[in-house]
Each structure stands twice: as C-alpha cells, then as structure tokens.
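As structure tokens, the structure follows; a few thoughts come after it.
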Amino acid sequence: MNFKLRLWRQKDRTSPGSFQEVEAHGISPDMSFLEMLDEVNNDMIRAGSEPVAFESDCREGICGTCSLVVEGLPHGPDKGTTVCQLFMRRFLDGQTISVEPWRAKAFPILKDLVADRAAFDDIIAAGGFISAKTGSAPDANGLPVPKKDADTAMDAAACIGCGACVAACPNASAMLFVAAKVSHLGHLPQGQPERERRVVRMVSKMDEAGFGNCSNRYECEAACPKEISVEHIARMNRDYGVSSLFGSERVRAEGGAG
Amino acid sequence: MILDSKIPPGAMADKWTDYGFNMKLVNPANKRKHKVIVVGTGLAGASAAASLAEKGYNVHAFTFQDSPRRAHSIAAQGGINAAKNYPGDGDSIHRLFYDTVKGGDFRAREANVHRLAEISLKIIDHCVALGVPFAREYGGLLDNRSFGGAQVSRTFYARGQTGQQLLLGAYQSLMRQVGEGQVKLHTRREMLDVVLVDGVARGIIVRDLVTGRLERHEADAVILATGGYGRVFYLSTNAAGCNVTAAWRAHKRGAAFANPCFTQIHPTCVPVAGDHQSKLTLMSESLRNDGRVWVPRTAGDKRPPHDIPEAERFYFLEEKYPSFGNLVPRDVASRNAKQVCDAGLGVGESGLSVYLDFSDAIKRLGEGKIREKYGNLFHMYDKITDENPYQVPMRIYPAVHYTMGGLWVDYNLMSTIPGLHVLGEANFSDHGANRLGASALMQGLADGYFVISQTLGHYLASTSLPKVTTDHAAFAEAEHDAKAHIDRLLAVKGNVPAVEFHRRLGKVLWEHCGMARNEAGLKLALQEIPKIRADFWNNVSVTGAGGDLNIALEEAGRVADFLEFGELMVRDALTRKESCGGHFREESQTPENEALRDDENFCHVAAWEFTGVDSEPILHKEPLAFEEVHLTQRSYK
Amino acid sequence: MNPIAAYFRSSIGRKQLMGLSGIYLYIFLLIHLVGNIGLLMGPEHFNQYGYLLTHTLREIIIPIEFSLLAAFLLHLGLGFKLAAENRAARPERYAVKASKARSGAYRGWMMLTGSWLLLFVIVHMPHFRFGAYRVAPIANYDGLEMNDLYAEALRSFANPWFTGFYLLSFALLFTHLAHGVQSSLQSLGVNHPRYNTGFRRFSWAYAVVICGGFAALAVWAHFQGKI
Ligand SMILES: Cc1cc2nc3c(=O)[nH]c(=O)nc-3n(C[C@H](O)[C@H](O)[C@H](O)COP(=O)(O)OP(=O)(O)OC[C@H]3O[C@@H](n4cnc5c(N)ncnc54)[C@H](O)[C@@H]3O)c2cc1C
Ligand code: FES
C-alpha cells in the first residue's frame, strides 16, 4: 500500500510548526501505524534527514506512551484502540493521512509529534493515591470488597494515562483522566479515608494546569482506548460538590489551600 | 574480583528475620541527609523510591520515559504469586520456595529465593492497601488462579492487567512522595554512566532527552532498576525502549554481569507476521489454563483447523506430560513448540506456529465465561491478526520475553561495585535458569518495597562516605566519556539506520542463542557479532543534532550497547556446556529431549568481568549450594 | 483560599452552578407555558391572568423575577467565561477536525444557541414583559382597566416574520435544552446506568412539551390574529 502523509513538524516548544508532506511506499496492511511511521523515518534517516519525533514504548496498547492524532482523531479511527494497535489495513490505498500531536495548552509540544503530559503526573501527586506506608498493611483478606465495587474500580483503573481524552475534548479538559482515578480509589474501602481530600486536591490541581472545562460532549469517552465511561465523571462531580461544600473542616481547609 | 554473596548464617527459614535484627540502622534524623539515586521507575524502581522516601531518605528518581507510569512493568498481564494459601490447596512459603528453586532448574541462590517467598505475603497485603483492584470472589475475598507450571492456585491478578495495576500502585506511592517533596523526579533522562569515586558508586551521568544536555548527579548510593535486556534479540515482547544501556555501562565500570545467557522464551505469543514487525505481543500464559495446544499429526496438513478430526490432532504437551499437560513450565512448552515446528508440523503460512484452541473450554464454560476471563486478550489477538479466536483457534509461537541474567548482586542486592545496588529484572535474579510465571512482579516488588529499604540502610550505616560534589574529577571524566560516545555516533554519518543492525543482531542471536543452542552455532555467532558491530560503527546514520530531542540518536545509543552485550551473552552460552532451564544446549539432553544439567561442572553462577570491548571478559564463579531442595532432574511427566 | 470560594472558582463548581441555574430557568419555562395556555381560553381570562401577575401578586412576583434575572445572568456570564477558558485551553487548533462521539453536533452549539436565546430575550422582554405596562392597548373588565395583552399577542403574531422569529427561537431552545438538561444532570453528578434511559426520555419529553407547546401557541396566535 502507498500513502501520502502530512506530518506535523515543530522544532521545539516555542517555534511554530507546520505540515511536512511525505510519501510512504510499499506498506504492508499488517503493519501497525507506528511501524509504518518507522519505515518512513528509516527512509528519512537513509536520506540524511531528521526523522519525525513521535513517542511509543510498549506497542501493545497498555503503556499509554503513543499519542498521535490521525486524521483529526486521537489514536485514529478505531474504537477502543491506541494508535500503536491501529493497523494499516484500516486505511485505503493511496489515502492522504494527516498526523498531528495532542494539542492542549496543558500539554505543550516538545518537538514534532511529542507533547509533554507531565501535568497528569502532577495531578496524581496532588492526591491520586492511598497513603499507606510500606509494611504497615493488615492481611489482604482482612477487608472484603464487594465484587461489584472491585470490578467498577478496575474499570476505572484501566486508564492508561495517554491523554487521548484531553486531545479529543473540544475544550482540552482532563475530566475523564481525573475522574477515572477518583472513581477507582473512591470505589474501594481502602480509599475512603482520603476520599474527600483526594477529589478536592486533584480537581484543584487539574484547574491549575490549564485544562479546559467539561461541557459534557463525551468526546473523551469515544476516544478513550480503554473505553472508560463518563459515568465516572458524574461520580467525581458528585464527590467534588459534596466534599467541597459539605466535607469535614479539615478537608475544606486543606483542599482550598491545595 | 571477589564474589561474596553475604548470605547470612542460620536456618533457611530464619535467615532474613535474623538478618533484619543484625543489620545496622540509620538514625531517623540522619536519613534525610542521605541522597539516594534510583534509576528506573518500573515496579522495582518505583517501589524502592517510594519506600525509601517513606523512610526518610532524600531520593532522586530517574526514568527515560515521560512518566514513571510508562515503565514496561505495565505490560505484565498474568499475575503475581504469593504463598498466601487462601484457596487452602496446600501452598506455603516452603512450597513456593521449593517450586521456584526447582522451576529455575537449580541455578538460583536458595537463601534469596526463600526470602522472596517469605516476602510474597507482605507484597499482597501492601498492594491491596494501596488500592490495587485485584480480582475478587462474590464473597469479597481475593481470587486466585493457577499459573505457569504451578500446581497450586497462588496467583493474584487484576484482569489481564496485573502489571499495570501493580505499577500504578507503586507509581501513585511514588508520586505521593514527589508531592511531599521527598522524591525529586527526573523524567526523560537516560542514564549513560555510573560515576565511581575511589571505587565506590557515587553518582550518575544522564542525558536530558529533550534538550540533549548531559547532567551530573551525585549521591551516597545508586540503585539501578532498569529492567531486562530482552530487546537484544530485537524481536521480543519487551517495549521498544527496553535496553541494556544502564546495566552495560555499569558493567563496563566494574559491575559483574551474571548468567547473561539465561533468557526466557515465552511459549504463548502472537507469531511473527513479517519483516516489518517491531515487536512481538505476548498472550498471557493464563490462556494455557483453558486453551489446548495442538498441531496436526501429519506434516504438511493444510486443512483448516476445524476440519481436522480429533484423532488427527497431536496435543503434544498433554501427551508428553500427562500430569502437567498444557501447564508445563515455559521453557518446556516453548521447546516443544519449536520441536514440532522443526518437524514440519507447524501451522500458519510460515509453519512457525501451533494452535491454542479454546473450543473445548467454550463448550464447557460458555463463551460468556471465556470472554469474562480473557476478553481483553482475545480482543487484542483479533486486532493484531484480524482473526476471531472465539471461532478459530489462536496461533501462537514462542518469543523472547524475560531475562534471568543481569548484574550480579549479593544478598543485599549490591553489585560488585560498592554502593551500586541493582533491583528487579536488571539484576541476575532469584529465578535461576528459568522463571516461573507470575514471579517477576513478585521479585521486583520484593526487591523494591521490602529488601532494599532495609539493606540500603545497613550499607549507609556501615560505610563511611566522604562528601562528594559533582565537581569531582570522576564526574568530569564520566561526562566526557558519555559525550565522546554521542559525538562518535553522530560522526559516523553513514546511511544505514541503527535499527537494521539491531535486526541483524537479533537474527543471529535468535538463530544461534535462542531456544536451542549448540557449540558450532554459538561459535559462528561469536564471529558474526563483532562484524555487525564494526559495520555499525562504519555505516550507521544518526541524523539530527546532539543538543535536541533526537530519537535516532537514542536508538543508535541503545543498539551500540546491545552490539557489545550480545557478544557476552553468546560467550556465556558457549561456556555453559550444560542445559538448564531456558538455556538448552543440544549437546546436553536426556533421551527424551529434556534439558540435562551438569551439576558437577556448572552448579554455579557465571559472573563476567569486563576487560574491554574487543577483549575477552574474565569469568568468575559463585558456587551454588543446595541444602534444602535436593538437586534432582526436573520432571513434569 | 476560602474553601467555599474555591468551589465557586473551580471548573466543576462553576459547571454545577451553570447546571443549577439552567434547571431553574427551565422550571420557570414550564410555568410560563402553563400561563400562556390561558391564551386559548379567551381574552378576558388571559388579561386577568396578566393583571394578577403584574399587580395583585406584585410583591411575590418581583423578587422571583429578580431571581430569574440573576439565574439568567449567572448562566450567561458563566457560559461566556467557561467558553472563553475552553478556547484558551487549546491555543492551537487541529488542522483536521473529526469526532468519534456517537451523537449530535448540536452539543457543540450551546454558545451559538445560547447567544441566540439572549437575543430572543432582549426582543421578548421589552415587548411582553415591560410592554405589558406601557404600549399595549387597554381592556376594561367591569370597570377595571388593564393591558390587553391578548390583543397585543394576536396582533404581534399576525406578522409572519415575528412568528418565524419565535418559531426559530423555540427550535434553537430545543437543541439547547436537549444537550443542556442532560449536561446539567451530568455536572450535578446524576448519571446512573439504571436510570439513564429514564432521565434521557424524561428530558426529551420535557423539551418536546416546552418547545412544542410554545411553538403551537405561536402558530395558533398567528392564525387567530389573521382571521
Ligand atoms: C509482556 C510481558 C508480560 C509479563 N507478564 C508477567 C506476569 O504476568 N507476571 C510476572 O511476574 N512477570 C511478568 N512479566 C515480567 C515483568 O513484567 C518484568 O520482569 C518486570 O516488570 C520488570 O520490572 P522492572 O522494574 O525490573 O523493570 P521495568 O518495568 O522494565 O522498568 C525499567 C525502568 O528503568 C528505566 N530505564 C531503563 N533504562 C534506563 C536508562 N538507561 N536510563 C534511565 N532509565 C532507564 C525505564 O524508564 C523504566 O522506568 C512480563 C513481562 C512482559 C514483557
Ligand atoms: S505504545 Fe504503549 S500504548 Fe501505544
């Protein structure tokens, strides 16, 4: 198969970027989208020019590193798929394909197709955890968890932190990412002691980072490679409202400061 | 070089507990003053950084990825072992210890393995407390499954994403410490060297992958948790960025590399589709619990699988190993798949795959149940191959998956360089010559959460460490070396991308140092690899600049190290003239084609000392003694 | 920062205020519709109803009107503010635009339809709310003089442009509500798989009744006025 690619090239954080048109020849339909880009890059390297920078690691849809907007769609046209698991058989021979980076103020572009998603780590650092010191835990079966809750927690915990939700949101909002963690930990009994504090602090960090506001368009859910449901967002909204307005004093004071 | 394993005295079951009491402690007020560098934030690194920071140390954590959450531990699917005996099926610390020593074909240190089995219990407790959503039963208690060659159900799992959930647990703990200012996180930094001051590891040199700047970081101790080197084969189930760079550069500075030829080839992977492929995908071993492995009985049978009647199917694992059946250990399953394919019985276009058939399980349990258990794996298989495994049997073939070899460490997890500690897959581990399924996660977390957080204190409390700054000449020299290496790569200006050399290296290793090895092949590989290396340094093309985010440069740097390391691996395989676990020397097999150990001559850890890129390394041996588990020939019949 | 103040500054807090104010206005629309149905009962009934609201119940109605005004301004102000922030959250747009979400481009029209509804209110209020005190013709029932709102309504709706403007506004109101109601519920945390279908049906039915009701009355008034 052959393709005409329009690849976003941008020297660094501050320089303006533009599209570079590149031809991809002799692509096998069994190649993944990234393997196709590898081929294109190798051609560039052979020709002495600099390859297009893009990120990937596991190449099996779990690490959340790969992050390309293909024809306007984060991770490309397939549902529930990361771009490393998108195969060229999905495209038409001769098709023109535009490839852009995640675009959001909170995810500055470092180079070409590489965006900086450190804001996600900051949000987790603000409260996306259960504080338990190593070695202090009681027996694992000491605290039964209803299977339904454990399953729902796992549904939310499946988030791979790729940021496609932000990339797809018309407002570049990070609600689905944050909600997934709030909901994962909030569904477990172990997560209850810090539940209020967690949601207040994570949301405040999210706002600080410059993500947009949720307008319930659900593009995030549609783009999520793990198909995480927006129900978790509703749950976070509930938790946030209740915790901020009616939470214990301690939480409110700390939350406000956080 | 002296290999002192520092195994504490006493009865096997008491060693670790007693040792805990005998260790020197760092005064709580002084912990803050000790700066500790942790390179790698996978399960081992993140858990180490988090627990050391909780104890009060001043931790600096480094990863080449953009976030600690991306480490390749995230990809582990199947589960994590622990001798909890929740199902009440006769498991115990002793049984887990016994299984692991035997599964590793008697090439691991007993004392380490016993400690691992003891700690396994605490790992589960801690992970549950951190909110890891392990699978549960309706009663709300934890569910277990049997996994990879174990006859008890001791594996805890979180759907098909156990590694992800465990890593996220450790990552969240780490980020908590980052938020509290106890850990300083350095992402997008690739470690290029360890810095030795007076023979002691006192810092590292890293490259900032965004700006290209080289940085010096000093510390009182350095911990490497940089993962395995499976990518030396090019095609493997490891992530694109997995590398040997950190371990190799440490090796070049004096850390012995142990058992590099011990690599694990996993039996259930999606078969290779073509030359373009950049990686192979694992299908969790748990599939072997319900799937049956078979090939047609007659060579060249091209009928579609469901047209082949039962009598004409060769369920080779069930027939050869009636008591373990499809659940034999990985090395055995892989080798048998290779044997049937070599005999022309393989299926698929290339003839290099065997069926993993779920039709019986679907009949017995219903499609719904199978979907619930393996839905995400089936989905992934479908996406990659465009075939629906609910309707046609999966096709699988072995692929490189894990590396048991690594930097040599003593009982305290310290390498032969004082102050340099190595954790997780990066060390030569407790798995001997073959790792049992669901044991790597266990080991990574044991090392990180529970072992290093104690043994490092002992090291710091019992060593006098003069103050060192990054102005020290040793830092300048190491930085200079790292820079020279980069400049050399950029200066070749050939016209061949680094990946092509990587592929060539991978082919040589897979061919001659893969599932079956023999003297002639290994000798050939030993000639081939230096040639590829020389070719690399004459013709590689690294475009772009050094002072910039440059993926071509990153890749070339890693390939350069693999090209040196690969040779050591082959040399180790050639020297070990026995078969054991994943290391199968064709010259050394039983009449039934099973691995035949030579305990007389090879009951040791082979630890190699670096002497120069083109000069022969020196072999040191750490003899292994088996007091608890008696040396026997493994049998899974 | 004061925790309550923090809530009102946060993304979620403000969305919830948006939702609450929207729901308040929405409930008002139902009452408004019920009142308007009085048109069908003839001039006297309708004009007496208008008199009741503007004179007899004045003390109660005025504060309610202020609260509505406040809700409206809040809804409006937050709407513009959030939209501006949302635009700023993506300084550089995508070159190719596409969507994977299942339904409705109308979800993205909230700013557009909202702005139109603002225009509508600007036209509608002086005419029927303040106009009711000034320009409308006078009716006389048993010696009590009052504005003849009925006649004014019929006169106005006789104009096809005027009716068209109203109908278009109701159509846009419908799309605004179709997303708005469900969005408000989501912002307030009301989303449960067991009840979602019910909520969805209810909010559609409600929007159909409101917009359909107003539209039907406008059409009725148009033809009534012509005869
Ligand atoms: C597909 C797959 C499935 C598996 N399934 C299972 C399973 O079910 N059960 C089980 O027990 N085990 C399983 N394993 C094995 C297990 O996942 C790994 O052995 C284990 O997670 C390794 O953890 P680690 O912390 O040692 O290394 P990793 O998780 O690989 O982390 C390495 C870290 O080092 C960093 N790093 C590496 N080099 C450098 C450098 N030069 N500079 C800076 N940083 C560097 C990386 O950024 C990363 O943070 C599986 C492995 C694979 C590949
Ligand atoms: S590369 Fe890991 S998810 Fe795509």
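Order of the sequence lines sets the chain letters (A, B, ...), proteins ahead of strands, with each chain counted from 1.
- Taking chain A as the reference chain and counting heavy-atom pairs below 4.5 Å, the highest number among N376(B), L168(B), I384(B), D66(B) is found for I384(B).
- Contact count versus chain B (heavy atoms, under 4.5 Å) is highest, among K181(A), M44(A), E39(A), for K181(A).
- I124(B) touches chain A through backbone and side chain together, each having a heavy atom under 4.5 Å away.
- A53(A) touches chain B through backbone and side chain together, each having a heavy atom under 4.5 Å away.
- When each of G142(A), G61(A), P51(A) is scored by its heavy-atom pairs under 4.5 Å with chain B, the top score falls to P51(A).
- When atom types are taken as modelled, the side chain of Q177(B) and the backbone of A50(B) share no donor-acceptor pair closer than 3.5 angstrom.
- At a 4.5 Å heavy-atom cutoff, the contact between A158(A) and chain B is made by backbone and side-chain atoms alike.
- Between the side chain of K111(A) and the backbone N or O of L549(B), at least one donor-acceptor pair lies under 3.5 Å.
- Options G131(B), G179(B), S73(B) differ in how many heavy-atom pairs under 4.5 Å they form with chain A, and the most are formed by G131(B).
- The candidate with the highest count of non-hydrogen atom pairs below 4.5 Å against chain A, out of R70(B), Q172(B), Q77(B), is R70(B).
- For D38(A), the part sitting under 4.5 Å from any heavy atom of chain B is the side chain, from C-beta outward, and nothing else.
- Proximity of a side-chain donor or acceptor of S136(A) to a complementary backbone N or O of K133(A) within less than 3.5 Å is detected.
- Formation of a donor-acceptor pair under 3.5 Å by the D112(A) side chain with backbone atoms of Q10(A) is found in this model.
- Comparing D12(A), L188(A), V145(A), D43(A) by heavy-atom pairs within less than 4.5 Å of chain B, the highest count is held by V145(A).
- F33(A) does not carry R90(A) over the face of its six-membered ring by the limits of under 6.0 Å from the centre and within 45° of the normal.
- Within a 6.0 Å radius of CG in D275(B), no more than 12 heavy atoms belonging to other residues, nucleotides or ligands are found.
- Neither the backbone nor the side chain of F156(B) comes within contact range of chain A; no heavy atoms are under 4.5 Å apart.
- Interface residue L130(B): backbone and side-chain heavy atoms are both found under 4.5 Å from chain A.
- Residues F120(A) and F107(A) bring their aromatic ring centres within 6.0 Å.
- Of the two parts of S49(A), only the backbone, made up of N, CA, C and O, holds a non-hydrogen atom closer than 4.5 Å to a non-hydrogen atom of chain B.
- When the candidates S278(B), S541(B), G544(B), S51(B) are compared by the number of heavy-atom contacts under 4.5 Å with chain A, S278(B) comes out ahead.
- When the candidates H379(B), Q161(B), Q165(B) are compared by the number of heavy-atom contacts under 4.5 Å with chain A, Q165(B) comes out ahead.
- One N or O on the side chain of R117(A) and one on the backbone of C162(A) form a donor-acceptor pair closer than 3.5 Å.
- Only the backbone of A115(A) comes within less than 4.5 Å of a heavy atom of chain B; no side-chain atom from C-beta onward does.
- Looking at Q164(B), only its side chain comes within 4.5 Å of chain A, counting heavy atoms on both sides.
- Formation of a donor-acceptor pair under 3.5 Å by the R159(B) side chain with backbone atoms of D151(A) is found in this model.
- D143(B) does not touch chain A: none of its heavy atoms, backbone or side chain, sits under 4.5 Å away.
- The candidate from H187(A), E50(A), R89(A), E55(A) with the greatest count of non-hydrogen atom pairs under 4.5 Å with chain B is R89(A).
- Only the side chain of E500(B) comes within less than 4.5 Å of a heavy atom in chain A; its backbone stays farther off.
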Please evaluate residues K205(A) and D121(A) with respect to the criterion salt bridge (charged side-chain N to carboxylate O under 4.0 Å, His left out), reporting the C-alpha separation (whole Å), side-chain torsions for both, the decisive distance (0.1 Å), and the verdict. CA-CA 10 Å; K205(A) 197 56 161 190; D121(A) 291 327; over 6 Å; no
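- Looking at K279(B), the atoms closer than 4.5 Å to chain A (heavy atoms on both sides) sit in the backbone and in the side chain alike.
- Both the backbone and the side chain of A157(A) come within contact range of chain B, judged by heavy atoms closer than 4.5 Å.
- For S453(B), no part lies under 4.5 angstrom from a heavy atom of chain A.
- The candidate from Y171(B), F134(B), F450(B), Y449(B) with the greatest count of non-hydrogen atom pairs under 4.5 Å with chain A is Y171(B).
- Panel note: side chain D57(A), backbone G241(B); a donor-acceptor pair is recorded below 3.5 Å.
- For chain B, the nearby parts of E60(A) are the backbone and the side chain; heavy atoms of each come within less than 4.5 Å.
- For K493(B), no part lies near chain A; criterion is any non-hydrogen pair under 4.5 Å.
- For S47(B), no part lies near chain A; criterion is any non-hydrogen pair under 4.5 Å.
- Only the side chain of Q65(B) has a heavy atom closer than 4.5 Å to any heavy atom of chain A.
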